[in-house]
Amino acid sequence: MLKYYAMKKRDKIIDFIVKPPMWVCIVLWAVGAVTLCGSITLYFLGLGLKLWALPVHLCALLFFVLSVYAVLTVIGLPRRAKQSVRVQKFFKHYDVRAFVYAAGSILFNICYVVFGIIIANLEQSIWLGVLVGYHVFLIIPRATVFYMTKRGSGSKEEQNVRAYAYCGFALMLLALALIPVIRMVLDDKNTYNYFVSGIVYVTAIATYTFAKLGIAIHNLRKVRKSDNMSLKAIKNVSFADALISIFALQAMMIKVLPSDGSSIAIMNPVLGGLVSLGIFALGLYMLVSGRKKLKALPPDDEQADEQCEAVTEGE
């Protein structure tokens with residue numbers, strides 16, 4: 001009975017999100033217009049970069065997105081999307097959601113690489129160039145999993161195991177690509193330009209980083225007993241990405257926040273080295289265990305038929 005009421009309540013919430021009442025849409029449009037006008041006005045008055053103006057900009061961005069979504073609900077786009085088979089598959093299957101999020105991460109990294117190449121050339125910044133190279137190597141593990149599961153040969157299980165093994169090799173390359181980033185941090189060549197104060201920026205990045213790490217650890221525990229090796233590979237890449245974010249956060253905090261003492265200076269090489277070694281060890285484990293699983297897999301039907309034919313001809 002409780003499960004029935006919980007499902008009914010969930011359906012009501014989904015119906016409200018898909019098709020909210022018109023008065024809710026009007027409120028969102030009104031608040032969105034007011035906050036957006038306020039944000040633009042602050043910039044015209046020369047106050048847009050003040051610390052107290054940040055909440056106004058954030059509210060303007062939030063309600064602008066909600067206002068656009070309200071327009072889509074009036075058109076009926078979310079309701080039509082809800083009836084789509086692919087959308088239903090997204091909400092019902094965890095592995096589908098995982099691969100969609102991974103595809104989004106690949107798209108984000110590609111955009112960062114394109115944007116970073118342009119800015120690095122304009123600013124003649126070696127630091128930005130190194131970050132671009134790191135993001136290229138961050139694309140490779142996820143792209144490897146997608147390629148091997150879609151275009152690989154053999155059975156589905158064999159494709160997943162091979163994707164797991166090759167993803168491990170790509171993680172080893174990522175660990176090596178992280179070394180120039182660590183070296184530039186040690187040489188104090190990591191430069192940052194902040195839109196707001198350094199403390200606000202570090203606080204926002206810290207919140208994002210720890211949330212990212214928590215989600216990555218939760219997903220690792222969730223897929224631990226899964227038989228889908230490609231899904232495990234995707235989550236291992238997310239965990240490695242979260243570890244690198246922890247190092248980047250520490251390097252940023254040491255550079256921006258006031259500190260003194262030699263004990264602080266040694267934290268970057270220690271954590272950077274541990275992160276790089278940890279990712280390399282994870283990739284090596286995936287490569288070795290994946291190769292073992294590949295050898296232990298039974299041959300697929302075509303290979304079995306060929307072996308039978310060879311034995312028959314030999315007799």
Nearest 0.5 angstrom please: Ser230 OG to Gln159 CD, how far? 9.5 Å

Look at the aromatic rings of Phe146 and Phe99 and report parallel, tilted or perpendicular, splitting at 30° and 60°. perpendicular

For the aromatic rings, using the six-membered ring if either is Trp, is the centroid distance between His57 and Tyr43 under 6.0 Å? yes

Evaluate the side-chain proximity of Val113 to Ile110: yes if any heavy-atom separation is below 4.5 Å, no if none is. no

So does Tyr69 have more than 12 non-hydrogen atoms from other groups sitting under 6.0 Å from OH? yes

Whichever hydrophobic residues join Ile40 through chains of side-chain contacts under 4.5 Å: Leu36, Phe44, Phe64, Val68

For residues Leu287 and Ala165, report the shortest heavy-atom separation together with the two atoms involved. CD1-O, 3.5 Å

Any chance you could measure Phe137, atom CZ, to Ile139, atom CD1, to the nearest 0.5 Å? 11.0 Å

Side-chain (Gln250) to main-chain (Leu271) donor-acceptor, under 3.5 angstrom: no

Out of curiosity, does Leu72 fall in the hydrophobic cluster containing Val65 (side-chain heavy atoms, cut-off under 4.5 Å, transitive links)? no

So, the side chain of Thr149 versus the backbone of Asn160: is there a donor-acceptor pair under 3.5 Å, distance only? no

Shortest non-hydrogen contact between Gly290 and Val161, atoms and distance: O-CG1, 3.3 Å

According to a 4.5 Å side-chain heavy-atom criterion applied to Ile, Leu, Val, Met, Phe, Trp and Tyr, with indirect links allowed, do Val96 and Tyr101 form part of one hydrophobic cluster? yes

Among pairs that include at least one residue of residues 125-145, which meet salt bridge (charged side-chain N to carboxylate O under 4.0 Å, His left out), considering only residues two or more places apart or in two chains? Arg142-Asp241

Would you indicate whether Lys293, at its atom NZ, is surrounded by more than 12 heavy atoms from other residues, nucleotides or ligands within a distance under 6.0 Å? no

Rounded to the nearest 0.5 Å, what separates atom CZ in Phe239 from atom CG in Leu220? 6.0 Å

May I have the step-by-step check of side-chain contact (heavy atoms from CB on, under 4.5 Å) for Ile246 and Phe210, ending in yes or no? CA-CA 8 Å; Ile246 291 290; Phe210 285 113; 4.0 Å; yes

Minimum heavy-atom distance between Val275 and Leu243, given as atom pair plus value: CG2-O, 3.8 Å

Can you confirm whether Cys167 sits close enough to Val237 that some side-chain heavy atom of one is under 4.5 Å from a side-chain heavy atom of the other? yes

Should we count CZ of Phe247 as having more than 12 external heavy atoms under 6.0 Å? yes

Tell me whether Val132 shares a hydrophobic cluster with Leu107, the cluster being built from Ile, Leu, Val, Met, Phe, Trp, Tyr side chains joined at under 4.5 Å. no

Minimum-distance pair of heavy atoms, taken over all atoms of Leu231 and Ser226: CD2-OG, 4.2 Å

Arg183 atom CZ, over 12 foreign heavy atoms within 6.0 Å: no

Might you point out which heavy atoms bring Ser238 and Ala216 nearest each other, and give the distance in Å? O-CB, 4.1 Å

Apply salt bridge (charged side-chain N to carboxylate O under 4.0 Å, His left out) to Lys156 and list each qualifying residue two or more places apart in sequence or on a separate chain. none

Measuring from Leu178:CG to Leu173:CG, what's the distance to the nearest 0.5 Å? 12.5 Å

Are Phe63 and Val56 co-members of a hydrophobic cluster defined by side-chain heavy atoms under 4.5 Å apart? no

Inter-residue atom distance Met172.CE - Ile279.CD1, 0.5 Å rounding: 12.5 Å

Contact summary for Ala175 and Ser276, nearest pair of heavy atoms: O-OG, 3.0 Å

Please check if the number of heavy atoms outside Ile126 that lie under 6.0 Å from its CD1 is greater than 12. no

Establish whether Leu277 and Leu284 are linked, either directly or via other cluster members, by ILVMFWY side-chain heavy-atom contacts under 4.5 Å. no

Counting only N and O atoms by type, is there a donor-acceptor contact under 3.5 Å from the side chain of Lys232 to the main-chain atoms of Arg224? yes

If you round to the nearest 0.5 Å, how far is CG of Leu174 from CD1 of Ile244? 4.5 Å

